[in-house]
2 protein chains.
Amino acid sequence: MDSRDLRIDQARTSIEFLGSDAHEYLPHLAVDCVVFGVHEGDLRILLTHWTKRDRWSLPGGFVRNDESVDETASRVLRMRTGLDDVFLEQFHTFGSLDRGHPGADRFVSVGYYALVDFSMATPTPDGILTDECRWWNLCGRPDLLFDHDEMVARALGTLRLQLGTRPIGLTLFPDDFTLPELQRLYETVLGRSLDRRNFQKKMRELGILTRVGEKSTENSRRAPYLYRFDAEKYAEALERGDSLAY
Amino acid sequence: MDSRDLRIDQARTSIEFLGSDAHEYLPHLAVDCVVFGVHEGDLRILLTHWTKRDRWSLPGGFVRNDESVDETASRVLRMRTGLDDVFLEQFHTFGSLDRGHPGADRFVSVGYYALVDFSMATPTPDGILTDECRWWNLCGRPDLLFDHDEMVARALGTLRLQLGTRPIGLTLFPDDFTLPELQRLYETVLGRSLDRRNFQKKMRELGILTRVGEKSTENSRRAPYLYRFDAEKYAEALERGDSLAY
DNA sequence: TCAAAAGTGTTTTGGTTACACCCATGT
DNA sequence: ACATGGGTGTAACCAAAACACTTTTGA
């Protein structure tokens, strides 16, 4: 798809364009994505800003006739971040009667959550309905449009439940990181503080980390070590069914 | 709703009737239910038999304009079993491109699973597309139409995960039962055998069971005790977050 | 009297939790 | 020197797993 086609495709994802191209999409059905990333130790999510309403929402899109719902989610993610082949999983479908734009048709939304490499994503608004797309710190995000606050809460709940069975650490920390950084992620997802000693012991014992070197001191007093996930051992651990949950 | 209206409503749930009353339903969207019950110690599911195809499928229905997707699931369950107010929860949405009746429109299905009192349900076919609706032993059920085998597998996986956090025992065993019966349920859901001593100890220690009396020996050598769930204590245990998983 | 199913308690073990001290560095 | 954040090991505790014997009753 060249950039012009991409542009058109992006436009078609916006609700105003459903009227003219309605036959290309399944009516009343949408997909919304909760995209997680980590930067400076904080868990962040991707939001899009609606020009007219001056409010924020999750990135979303409509389901084309010729694609599966999973593919819709991939497409939405690709259009908003440029990323492909990332962790992306359905977590819940929202079907209340009052869903949809006020005065417009009622919509059912399939919610997906994604785990992406923050540094690889290039947030891109559709340029039609939304004029900005950017990362927000999960704690500190604005109130969202529609029922998207509930979606975020539920995505986070799913993430919490699956912390032990999905490659969450590996996906959100593809590069070097320090154990305090990783611990902050776990604490954010779990919503409670963890004991530093126990956390480090457990992570070390899992045997999925490689110590890379010392971190050149940036903001801390003593320089923490840098680690990297060993992708193979990580996969083996998941395969074995080892719980990576804290 | 009187019985004539119910009849009409049932008919409208069938795909052949979507043509004439299409404006009353969301197109391309359906709900399918995996209804679990227990009888004679076995875990069973409710299936409907398609007259023309001579095959079995999960009970399902379409989403009306004036109801939420959750309400669709309740309605489907009510029409097929006569039951209301039962445990009913969404577990996954199926959106592959190849879903739907061959040659007909493509459909996206929201899957729900229900836990019902076997003895209270009166299985009822819609009488239009399906001429029979009955319980099947989970192990021993026929191959199902569409992707419904995958749905059952996934519903079972969800049940397994949620065994410790939902009122599964209480809902599936509303009346008296024996601990070996309860253990068989756990073993079926978990797909592995459990230690009798540990199982009984754990269940007793949870403090949610009341011993009712001795079972008049039916098929066993020594008569097992009869128990009943204490609904209040069960609810309290779930509230506290006690794990009821084995 | 023997085979089959049911009831019960103890020991072991492994994982989680709690907890205290020393190290490095910037102020 | 001291305040701040980082690294490490040990003891206590609890829940799960392993395990053996006795009781009942139909054949």
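First the proteins, then the strands, lettered A, B, ... as listed; each starts at 1. Computed from a predicted structure; not experimentally measured. Heavy atoms only: backbone and side chains are in, while hydrogens, waters and symmetry mates are out.
Set against D:dA17, C:dT8, C:dT17, the side chain of B:Y246 has D:dA17 as its closest nucleotide. Side chain of A:Q200, nearest nucleotide from D:dG7, D:dA27, D:dA20: D:dG7. When distances run from any side-chain atom of B:R211 to the nucleotides D:dA18, C:dA6, C:dT8, the shortest one goes to C:dT8. Here the side chain of B:P224 is nearest to one of C:dA6, D:dA17, D:dT24, namely C:dA6. Between D:dT8, C:dA6, C:dC23, one nucleotide has an atom nearer to the side chain of A:R222 than all others, and that is C:dC23.
No donor-acceptor distance shorter than 3.5 angstrom exists from the side chain of B:T130 to the backbone of B:E132, with no hydrogens or angles considered. With B:S243 contributing its side chain and B:A245 its backbone, the two residues share a donor-acceptor pair below 3.5 Å.
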Intermediate values then yes/no, side chain to side chain contact (heavy atoms under 4.5 Å, CB included), A:L47 and A:H148: CA-CA 10 Å; A:L47 297 179; A:H148 288 195; over 6 Å; no
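Rounded to an integer number of Å, the gap from A:F199 CZ to C:dG15 P is 18 Å. Remark: P of C:dC21 and CG of A:D195 are 15 Å apart, rounded to the nearest angstrom. Atom pair B:R221:CZ and D:dT22:P shows a separation of 21 Å (rounding to whole Å applied). Rounded to a whole Å, the CG atom of B:D242 is 11 Å from the P atom of D:dA16. Here D:dA16 presents its P atom at 15 Å from CZ of B:R204, a figure rounded to the nearest Å. At whole-Å resolution of the value, CG in A:N198 and C1' in D:dA11 are 12 Å apart. One interatomic measurement links the two molecules: CD of A:E214 to C1' of C:dT25, which rounds to 12 Å at whole-angstrom precision. Atom pair A:Y227:OH and D:dG7:C1' shows a separation of 8 Å (rounding to whole Å applied).
For B:D70 and B:S68, the side-chain atoms include no donor-acceptor pair closer than 3.5 Å.
Across all strands, B:K202 comes closer than 4.0 Å only to sugar-phosphate atoms, never to a base (heavy-atom distances).
Put simply, the side chain of A:R196 and the base of D:dG7 share a donor and an acceptor less than 3.5 Å apart. Residue side chain A:R197 reaches the base of C:dA20 through a donor-acceptor N/O pair under 3.5 Å, judged by distance alone.
A salt bridge links B:D147 to B:R99: at least one charged side-chain nitrogen sits closer than 4.0 Å to a carboxylate oxygen.
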